Structures are given as C-alpha cells and as structure tokens.
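These notes are about the structure you will find just below.
Order of listing sets the numbers, starting from 1, for every ligand and every atom in it. Keep in mind the model is a prediction, meaning the values are calculated, not measured.
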Amino acid sequence: MVKEKATDLQDIVSHCKKLGFIYQSSEIYGGLSAVYDYGPYGILLKNNIKEYWWKAMVQMNENIVGLDAAIFMDPKVWKASGHTDAFNDPLIDNKDSKKRYRADQLIEDYIQNKIQKKIDKDVAKGKKRFGDSFDKEQFLATDKRSLERQQKIDSILNRMNNALNAADLDDVKQLIVDLGIVCPHSGSKNWTDVRQFNLMFSTQGGGATSEDVLYLRPETAQGIFVNFLNVLNTSRQKIPFGIAQIGKAFRNEIVARQFVFRMREFEQMEMQFFVRPGDQMKFYEFWKEARMKWHLALGTAADKLKYHNHEALAHYADAALDIEFKFPFGFKELEGIHSRTDFDLKAHQELSGKKIQYFDPELKESYIPYVVETSIGCDRMFLALLSDAYHAEMVPDAKGGMDERIVLKIHPSVAPVKCAVLPLVRSNEELTNKASEIFDAIKYSFNCQYDEKGSIGKRYRRQDELGTPFCITIDGQSLEDNTVTIRERDSMKQERVSVELIEKIVSEGVDMRNLLKQL
Ligand code: ATP
C-alpha cells in the first residue's frame, strides 16, 4: 500500500535545491531576490517543457511559424504598446519598517486574512456539524453573517478597482487608512502615499538607438507585433496564422515571492494568432480548448486546472481568461489567453507611420488583423509541473516495514533523465564494464545516466527523486544470459528483458510523440 503526504511550497524549494534543479542567483553573495538559476537537471526539464510547447505550436500547426526577436527594442515600441505610460503597479512604503508593498496586494491580503478567513471558518464549522448533508452554496447564500462579510469584501474590492482604474492613488491610500491596515512586519500604520511604479527595467543605449534609455522587454509579444510585416512578407502565410516565440522577459516586480512563480527575470512562451476582424471569438474559444488539452496531456489532474474569466478587461482586450493551476499556495494564473483586438498593430502603425495591414484575397480588402494570444511563463510551468509531480509516499521496504520515498511522477516525455544504467555492485569489474557498454550503446537515443555509487536501493531512490522513468540494473545473470532488469518509476515493478530490447522499450516510453498525439 502506498500512503501519501500533502506537499507544500517549501518541499518543492528544498527538493529543487537538493537535486540541482534550481539555485538562487548569486547565492554566494547572499542571493539576488526573485532571480534564479537552473542547475543541471533543471535545465534539462526546462528545455523539455519548451520543446513540448514549441512542437505543439510550430511543428504541429502548418499555420504557425517561429521567431526569436531581440530583448532590446526601440523604446518607441513600449510607448506604442502602452508600457511606458501604464505598465505600473501601485506602490506603498511603511515608514517604520522601511518595507515596500503593492498597495492592491495589501488590501487583498487584508480581505483574505480579516474577512474571508472568518467565512471559511464558519463553513468548516458547518461541515463538521452537519457532515455530508452540509450544503456550502446554500449556507453562503443564506447565512446572515457570511452575507454581510461577503458584502464588505465586494464593497472594498469595488472601491479599490474604481480607484485604480481612475488612477486615484489618494483614494487607494485612504482605503488602506480606513481599513486600518497595518504593516505585516512592524504592525505600524505609518504609511507613505501610494505612487505608481513602472515595472520595466531600463538601461543605457550605448549607441543602439538615438534615445538614451533602452528597456529590457517586459513581454515577448511586442517582438512579434513589430515583425508582423516581415513574417507576412517572407513566410507565405495567409490569415489566419500565428507567430510563436520563447524568450526572456523582465519585470521589476515590487514584491516577488513564491519561488519561481513571480520572478524579475523569467521566460515566456507566447503565440500571437492573427485573424480576420470578427473571427476573434471563434479562435479565442479554439485556443482556450487547445491550451487546456496541452496541460491535460501531461497527466495533470483535471481538478488542479481551471479557467478563470477576467471580469475587468485590460484596455486592449475584448475577452480574456487565465488557465489557473492549483499551486501549493492555491489556484493562481499559469497561462493567459487574451483576445487583444487590433490594439497593438494599430498602435505601431500610428507611431511608426508604417502601414501594418493585410490584404485579404477572399474579401478583396485590407485590414489590420485582430490577435488572439496564448501566453505562458516557462518558469511558472516548471513550478506547476514539479508541484503536480512531487509525491512523498510511504512504501513497503525490504525488511517488511514502511519507508518514505520522494518521487517525481513527471510525464516520461518531459522527464529530465530518461533512463539510469546501474551495475548492481561497483566492485565487480565485469558488471561495470557491461553496464558501461550498455550506456554507450543507448546514449545516442535519449538522455541517460550511469551510476555505480551506493546501494542499489539508494540509487533507485535518487532516480525516483529526479523523476527518471526507467532504471536498468545489470546483475550476475546479465553476464550469463545478456538480460537486465528494467524498473518502472511509478509502479516500482521490475521486469527482466534482453539487452537488445532496452533501447526500444525506453524510446517508446519517453517519446515526445506520446504527448503530441493527444493534442
Ligand atoms: P500576474 O497577474 O501573475 O502578475 P500577468 O497577468 O501580469 O501575471 P501576463 O502579463 O499575462 O501575466 O504574462 C503571461 C504569463 O507570463 C503569465 O501567465 C505567467 O505565466 C508569466 N509571468 C508573468 N509575470 C511573471 C513573473 N514575474 N514571473 C514568472 N512568470 C511570470
């Protein structure tokens, strides 16, 4: 019997550090906040996620092509896109603790800790008292205290959103004062005024532009928009078609927390799909379904993924939703799907003075295409994948007792190491030679690892921690009849097979096509 323990974020952070998936940037100098480096296994897993995304987009769709635009762009790009003027978060400092916060997050945390928690507590009490017959929805719709609390939440959020939309920062501050919000560090109410903080990092031009300031791109999308004409004129694509790109983006997040969920330097995988005006909702629905399928194919439990429709739309969007994943800290945005209208291409046409239009041969007219985009953070996807895959299980040990094993049940097609080659004992040269021979024969086909150090049980555990789908063990019998045991990670079942079959079994088990065929 296998028994499981719940996972929290600290388990994932510790695991990533211990195994060499992720390290904090500049750790020997104390660590740079919200910037991370990917270690030997992290980079393998991250590359596999990118390969799966790229193949699902570019290889599988003849009407999607790839692009790799530069991080630096003409500063006018960010003027046209609205980032220079409006890519802001409301910032507030506490004068006593000198700690800095996002004003909207302070208010949301207040709602969660001071009001929502009380509602949740009453729900839990009701569940305890009435068991299975307790109807949560009905309770929330009829219980007087819960209704009053919900009304209070709605009225706070309403006031906050109105103030933010009207850029009325004085009222955002006043709301914090009226609610009596204290600094979580000092307990003090000694706040500065709220001010807008632009999230773009800037640097000097160095002759690359006539302007003094260059920005590190805060999203990859604009590289696609400004190359729309180039791609159109060189790729023989006709609308509808898409451009896909994977690349770094930079945001000076005010409060960066939750590990690689919110970083200052991160990687995005974005696809902009250009469509005829009026067709956008059809493609929005299409990509909404297609992207959910991509996630589900990885074996992620369906109840850990959900859509969240945006009520308040960004100025450029006529529809938007997030695919949310149930991280150890709750459901949060993993991917955004946005119908961006013709906002970006139109803005670049206006500011550059260059006509950015498409002549539709069927309609015999020119127009600025509409855009439906899918945008996912590679690092957030990495965290989602690990959170879903990490299992601490109690499993039977060799002595008839129970032992804990940590195992990453990652889909074999994206697992960092596909196969480990393990001679049963290190001291037997015949065994280690045979194992090396096997390793040398199969290493051309997939990423494998040779390991002869420690007991075989410990080596299996280490491969389980890495998420390696297959372990090949070479023992005394292997020398006699050219067979090995092959152990499958999740079931821990071992089977004896002929050496000739290893490559075929592993290749079939880890083939990326297993994922792509489900899309
Ligand atoms: P959030 O509301 O969480 O800040 P966002 O709505 O600003 O995210 P988008 O601008 O839609 O995010 O970016 C698209 C995707 O890029 C997000 O769904 C997320 O996966 C990823 N992403 C955005 N900001 C970060 C970040 N600071 N660190 C890591 N990934 C990020």
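Those atoms of ligand 1 with a heavy atom of E335 less than 4.0 angstrom away are 18 (O).
At least one heavy atom of H338 sits under 4.0 Å from some atom of ligand 1. A heavy-atom separation below 4.0 Å is found between L334 and ligand 1.
One N or O on the side chain of Y52 and one on the backbone of W294 form a donor-acceptor pair closer than 3.5 Å. Formation of a donor-acceptor pair under 3.5 Å by the H338 side chain with backbone atoms of R340 is not found in this model.
Heavy-atom proximity to atom 30 (N) of ligand 1, evaluated over Y36, F266, F325, is greatest for F266. Around atom 7 (O) of ligand 1, the closest heavy atom drawn from R262, M269, R251 belongs to R251.
From the protein, the heavy atom lying nearest to atom 28 (N) of ligand 1 is M263 N, 2.9 Å. Among all protein heavy atoms, the one lying closest to atom 16 (O) of ligand 1 is Q268 NE2, 3.3 Å. Taking atom 29 (C) of ligand 1 as the reference point, the nearest protein heavy-atom neighbour is F261 O, 3.2 Å. For atom 14 (C) of ligand 1, the closest heavy atom belonging to the protein is S375 OG, 3.0 Å.
Of the heavy atoms in E333, only side-chain atoms (C-beta onward) come closer than 4.0 Å to ligand 1.
Heavy-atom contacts from other residues, nucleotides or ligands closer than 6.0 Å to NZ of K17 number 12 or fewer.
Side chains of L383 and F325 form no contact here, defined as non-hydrogen atoms less than 4.5 Å apart.
K18 pairs by the salt bridge (charged side-chain N to carboxylate O under 4.0 Å, His left out) definition with E465, not counting sequence neighbours.
Salt bridge D93/R195: present, at least one basic N to carboxylate O contact under 4.0 Å.
Contacts classified as salt bridge (charged side-chain N to carboxylate O under 4.0 Å, His left out) and involving residues 173-187 (residues at least two apart or in different chains) are given here: R159-D178, K173-D193.
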